[in-house]
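In what follows, a single structure is set out as C-alpha cells and then discussed.
Just so it is clear, the values below take in all heavy atoms, side chains as well, and ignore hydrogens, waters and symmetry mates. Chain naming here is simple, since letters A, B, ... match the order of the sequence lines and numbering starts at 1 in each.
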There are 2 protein chains.
Amino acid sequence: MTTRPHTGRRRNEAAREAVLDAAVRLFREDPDVTVAAIAAAAGVGKQTLYRWWPTKYAILLEAFIEMGRAVVPEPDTGTLDGDLTAFLTATFTRADEVAPLLRTLMAEAQRDPATLTTLQDFTDRRRAVLRGLLTRHGVGAEDAEAVLDQAYGVLWYRLLLDRPALTGEQAAAFAQRLLRQLKPAR
Amino acid sequence: MTTRPHTGRRRNEAAREAVLDAAVRLFREDPDVTVAAIAAAAGVGKQTLYRWWPTKYAILLEAFIEMGRAVVPEPDTGTLDGDLTAFLTATFTRADEVAPLLRTLMAEAQRDPATLTTLQDFTDRRRAVLRGLLTRHGVGAEDAEAVLDQAYGVLWYRLLLDRPALTGEQAAAFAQRLLRQLKPAR
DNA sequence: TACTTATCGAGACACAGAGTCTCGACAAGG
DNA sequence: CCTTGTCGAGACTCTGTGTCTCGATAAGTA
C-alpha cells in the first residue's frame, strides 16, 4: 500500500509552537490548567489541540522533550571523578527550573499508561547519557546500573516530595559517595 | 473557651471501617475510582464521606497509614550489616503489594498540598525508623541522611516508573553498596 | 482559474464526576 | 420527650473533557 500524497492545507507550525509555549507557561503555575485555557492563551481553537494531541499532558510532554534536547550535559574532564561530579552538579542544580513540569508529568504517568511509556523513554535516554559516561571510564555494568538508580532515584525522590534539590556542594559529595561504593575489583 | 460536651448521634465506626476498606480495595484496581463508587461499595451515602474526609485521596491516605502501622520492620541482628540488609530486603520485597496505592497517593500529592504534607509526614516516619537503625550502630548524621535519600529514592523511583521492585538478593547487594560508601572515618 | 482536501479559530453541545443540599429516619444524651 | 448530630439516599449545580459543526482559509491538482 503506497501512501497517498498529501493534499489540503498544511499544519500551522506557528500555532504548534504557540501551543507548546502556552502549555509550558501555564503548567508551570498551575498543574490543573484546563485545555480551554491553553487554547485561549495560544490563540487557538480547542479542536486544534485535540487534532494533534490526545491530552493536555501529551502537549506538555512534547514541549518538555523538545526543551530537554538542548540541555543534556556531557562533561569530558578526563577522569571518572571529574565527569561524574560535573554531571551530577549540573543535573541537580538545574532540576529546580523544571521541577513543576516534571512533577506534573510524573503524576499523570501514574494514571495514564501512554504518558508513563513516554516518560519512561525520556528517563531511559537520560540514563543512557550517564551510563555512557560511566562505562567510558570502565565502570562495570552492574555498578553502573546501581549508580543510575541511585542518582536518578534521589533526584526524583526529593523532587516529588518537594524537598530542595541538592546544591552544587551536596551533589559533589554525592558523587564521591557513589564512587566509593563501586566494586573494589575494578 | 471550654469545649461543649458532645450531643447527638455518634459516628458510626462500622461505616468508617467499611469506607476505608472499600477505598483501598477499589483504588487498588483503578486510580480513578469515583467517590460515588466508594460510597456505594461501602454501603454508605456520599455525604457521609464528605462529612469526614475532604477528598477520596484523604480516605485512601488514612486507610494506608492505619495499614502501615502494623508493618514497620525493625530488625535487631546485632550488626549494622545484618540490620540494614534485613530492613532493606523487607522493605523492597513488600513494596509490590502496596505499589498501586503509593503511586496514586504520590500522584495526588503533586496537585494537592494537603496530601503532600500528609505524605511527607508518612515518609518522614519511615525515614525515622531507618535513621534510628543507622545511628544506633554509630553511623554519622551526614552519612545517615545520604543513605536515607538513596534507599527511599531508589524505592520510589522504581515504583513510580513501574520498574520491578528489587528482589531480596538485589536489596541485599544494595545494602552492601550503601555500607561501602560510608565515610571511612567512622 | 476552478476544484479538492485538510487545516484553521470559534463556539455549541453532550457527558462525567466533584461537591452541595435536602429529606426522613435514627441514635444518643438531657 | 426534646435537642442534636449522624445515617443512607438522591436530587441538584458546577466545572472540565471531549465531540461536533460551522464558515474561512491555505495548499495542491486539473
Polar contact flag, side-chain donor to acceptor under 3.5 angstrom, A:D81-A:Q176: yes

Donor-acceptor pair between B:Q110 and A:D162 side chains, under 3.5 angstrom: no

Does [N] have its OP1 or OP2 closer than 4.0 Å to a side-chain nitrogen or oxygen of [X]?
{"X": "B:R51", "N": "D:dC7", "answer": "yes"}
{"X": "B:T48", "N": "D:dG8", "answer": "yes"}
{"X": "A:R9", "N": "D:dG28", "answer": "no"}

Euclidean distance, atom [atom1] of residue [X] to atom [atom2] of [N] [Å, nearest integer]:
{"X": "B:E13", "N": "C:dA28", "atom1": "CD", "atom2": "P", "value": "13 Å"}
{"X": "B:E17", "N": "D:dC7", "atom1": "CD", "atom2": "C1'", "value": "17 Å"}
{"X": "B:N12", "N": "C:dA28", "atom1": "CG", "atom2": "C1'", "value": "13 Å"}
{"X": "B:R111", "N": "C:dA18", "atom1": "CZ", "atom2": "P", "value": "13 Å"}
{"X": "A:W53", "N": "D:dG18", "atom1": "CH2", "atom2": "C1'", "value": "16 Å"}
{"X": "B:I38", "N": "C:dG17", "atom1": "CD1", "atom2": "C1'", "value": "12 Å"}
{"X": "A:Y57", "N": "D:dG16", "atom1": "OH", "atom2": "P", "value": "12 Å"}
{"X": "A:R10", "N": "D:dA27", "atom1": "CZ", "atom2": "P", "value": "8 Å"}

Sugar-phosphate only, base, or nothing, as touched by B:W52 at under 4.0 Å among non-hydrogen atoms: sugar-phosphate

Sugar-phosphate only, base, or nothing, as touched by B:K46 at under 4.0 Å among non-hydrogen atoms: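 Counting heavy atoms under 4.0 Å across all strands, the contact made by B:K46 includes a base.
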
Given D:dG8, D:dC7, C:dG17, the nucleotide with the shortest approach to the side chain of B:R11: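 Within the option list, the nearest is D:dC7.
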
Nearest-nucleotide pick for A:Y50, side chain only, options being D:dT19, C:dG29, C:dG9: D:dT19

5′-ward residue of the pair A:K56/A:Q47 relative to DNA chain D: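 On the 5' side of the pair lies A:K56.
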
Aromatic ring pairing A:Y152/B:Y157, orientation class (parallel under 30°, perpendicular over 60°, tilted between): parallel

Side chain to side chain, B:R51 and B:T48, heavy atoms closer than 4.5 Å: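 B:R51 reaches B:T48 side chain to side chain.
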
Earlier contact from the 5' end, DNA chain C, for A:G8 and A:G45: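 By nearest-heavy-atom nucleotide position, the 5'-most residue is A:G8.
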
A:V44 or B:D32, whichever maps to the more 5' nucleotide of DNA chain C: A:V44

Pair A:R163 + B:D124: basic N to acidic O under 4.0 Å: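 A salt bridge links A:R163 with B:D124.
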
